[in-house]
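These notes concern the structure reproduced below.
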Number of protein chains: 2
Amino acid sequence: MALNTQFSIAVHLLVGLGCVEGGTTTSGHLAESVNTSASFVRRTLAKLSKAGLVETTTGKSGACGLAKKPERISLLEVYRAVDAPEAFAIHAYAPQKVCAVSCNIKAALENVLAKTQQGMEASLSKITLADVIADVRR
Amino acid sequence: MALNTQFSIAVHLLVGLGCVEGGTTTSGHLAESVNTSASFVRRTLAKLSKAGLVETTTGKSGACGLAKKPERISLLEVYRAVDAPEAFAIHAYAPQKVCAVSCNIKAALENVLAKTQQGMEASLSKITLADVIADVRR
DNA sequence: GATTCTGTTACGATTATTGTAACAATTAAA
DNA sequence: TTTAATTGTTACAATAATCGTAACAGAATC
């Protein structure tokens with residue numbers, strides 16, 4: 001499997017929960033649909049649960065379901081819930097004192113990252129889970 | 001070093017080239033400023049060169065310099081030149097025929113990725129290398 | 001009390017990225 | 001003409017991050 005697919009899988013899981021008969025199912029069934037391990041599903045669901053996007057019940061006949069209507073879940077919330085990686089990473093380095101670029105580039109790159117991140121997040125905030133579900137059903 | 005720092009390093013290199021006395025320098029000097037290997041610098045510079053952002057001369061007293069004025073280099077060009085990873089990756093999986101979500105989610109996720117990518121790239125396109133250089137000099 | 005879930009942790013396998021080294025090609029300088 | 005210094009490229013090892021697997025505690029139903 002490719003790397004950094006947490007967000008993608010999280011959306012898949014939520015769409016699954018939004019489409020399933022009765023509105024709830026188990027991590028095992030979700031894992032089949034996503035084709036990954038039940039354990040990874042549970043780890044991801046736990047994050048979504050902590051973020052208030054998913055409700056779970058433990059114990060026998062425990063299950064997972066959406067905590068909110070799909071119309072009220074934006075993909076930005078999902079992105080943040082699974083703490084997916086940022087738009088890009090800034091390289092670590094020991095600034096060379098004699099080099100102005102080396103000393104100041106980090107702050108400048110952080111500005112660039114902030115703007116890039118904002119652009120990406122603005123797009124994510126405009127898409128709701130309901131949009132994705134509608135797209136899947138069509 | 002953290003992963004996926006290609007874009008960040010590429011910007012660092014270009015800022016270095018934009019600031020250096022005389023406008024040109026060698027991969028060895030750049031590597032010192034970035035604190036990475038000269039070889040990785042050369043690989044990255046080669047991509048930037050193929051994209052027309054950097055000019056290089058080989059041979060003894062070979063060197064690298066910006067191919068265009070910093071005002072005319074957008075960070076989107078840099079991003080594309082180093083083929084940095086996309087905003088997120090879509091997980092690979094074998095669609096389960098009985099599951100509508102599993103069958104259709106991929107296309108829906110591709111739509112999401114396209115929009116997210118657009119948001120990110122729009123932000124990058126608005127920042128020029130000159131902006132970053134000004135930020136470093138300040 | 002047994003069963004069947006979730007939540008969590010630990011650890012190994014896998015994969016992608018980065019570092020290192022080597023060498024050919026190129027050009028200036030000696 | 002030879003030498004030296006540089007880029008461009010490749011191959012491979014080292015490193016780091018992600019993902020899969022397994023195990024187990026806690027919880028709730030049967």
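Below, read A as the first sequence line, B as the second, and so on, with proteins coming before strands; counting in each chain starts at 1.
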>> To check you understand the geometry: which heavy-atom pair defines the closest contact between Ile133(B) and Gly18(B), and what is its length?
In response: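 Minimum heavy-atom separation between Ile133(B) and Gly18(B): CD1-CA, 4.0 Å.
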> Closest approach of Thr116(B) and Phe88(B), non-hydrogen atoms and distance?
Replying inline: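 Looking at all heavy atoms of both residues, the shortest contact is OG1-CE2, 3.9 Å.
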Provide, to the nearest angstrom, the distance between the [atom1] atom belonging to [X] and the [atom2] atom belonging to [N].
X        : N       : atom1 : atom2 : result
Leu30(B) : dT6(D)  : CG    : C1'   : 13 Å
His29(B) : dA5(D)  : NE2   : P     : 13 Å
Lys47(A) : dT6(C)  : NZ    : C1'   : 16 Å
Phe7(B)  : dT18(C) : CZ    : P     : 14 Å
Asn4(A)  : dT15(C) : CG    : C1'   : 11 Å
Phe40(B) : dT15(D) : CZ    : P     : 17 Å
Leu17(A) : dT6(C)  : CG    : P     : 11 Å
Leu13(A) : dT6(C)  : CG    : C1'   : 14 Å

Exercise answer: donor-acceptor pairs, residues 36-55 of chain B side-chain atoms, under 3.5 Å, sequence neighbours excluded:
from, atom 1, to, atom 2, distance (Å)
Ser37(B), OG, Phe40(B), N, 3.2
Thr44(B), OG1, Phe40(B), O, 3.0
Lys47(B), NZ, Gln6(B), OE1, 3.4

> Relative to the 5' end of DNA chain C, which residue comes earlier, Pro85(B) or Ser39(B), by the nucleotide with the nearest heavy atom?
Replying inline: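 The residue mapped nearer the 5' terminus is Pro85(B).
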Considering only [options], which nucleotide approaches the side chain of [X] most closely?
X        : options                  : result
Arg43(B) : dT10(D), dT6(D), dT21(D) : dT10(D)
Ala46(B) : dG20(D), dG19(C), dT9(D) : dT9(D)
Arg42(A) : dT9(C), dT18(D), dA23(D) : dA23(D)

> With a 4.5 Å limit on heavy-atom distance, are the side chains of Phe7(A) and Ile90(B) in contact?
Replying inline: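 No, their side chains stay 4.5 Å or more apart.
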> Any idea how His91(B) and His12(A) line up, ring-wise: parallel (<30°), tilted (30 to 60°), or perpendicular (>60°)?
Replying inline: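 His91(B) vs His12(A) ring planes: tilted.
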> Checking side-chain contact (heavy atoms from CB on, under 4.5 Å) against Leu66(A), which of Val20(A), Thr24(A), Leu129(A) comes through?
Replying inline: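 Of the listed options, the one satisfying the test is Leu129(A).
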> Leu45(B) or Gln6(A): which one's nearest nucleotide on DNA chain D is closer to the 5' end?
Replying inline: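 By nearest-heavy-atom nucleotide position, the 5'-most residue is Leu45(B).
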> Hey, are Lys68(A) and Glu77(A) close enough for a salt bridge, meaning a charged N less than 4.0 Å from a carboxylate O?
Replying inline: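 Looking at Lys68(A) and Glu77(A), the cut-off is met.
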> For Ser37(B), which contact category applies under a 4.0 Å heavy-atom criterion: base, sugar-phosphate, or nothing?
Replying inline: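 Base, at least one base heavy atom under 4.0 Å.
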>> Can you list, in residue-number order, the parts of residues 56-64 of chain B that come under 4.0 Å of DNA chain C, counting heavy atoms only?
In response: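 Output list: Thr58(B), Gly59(B), Lys60(B), Ser61(B).
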> Do the side-chain N or O atoms of Lys50(A) get closer than 4.0 angstrom to the phosphate oxygens (OP1, OP2) of dT8(C)?
Replying inline: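 Yes, Lys50(A) has a side-chain N/O under 4.0 Å of OP1/OP2 on dT8(C).
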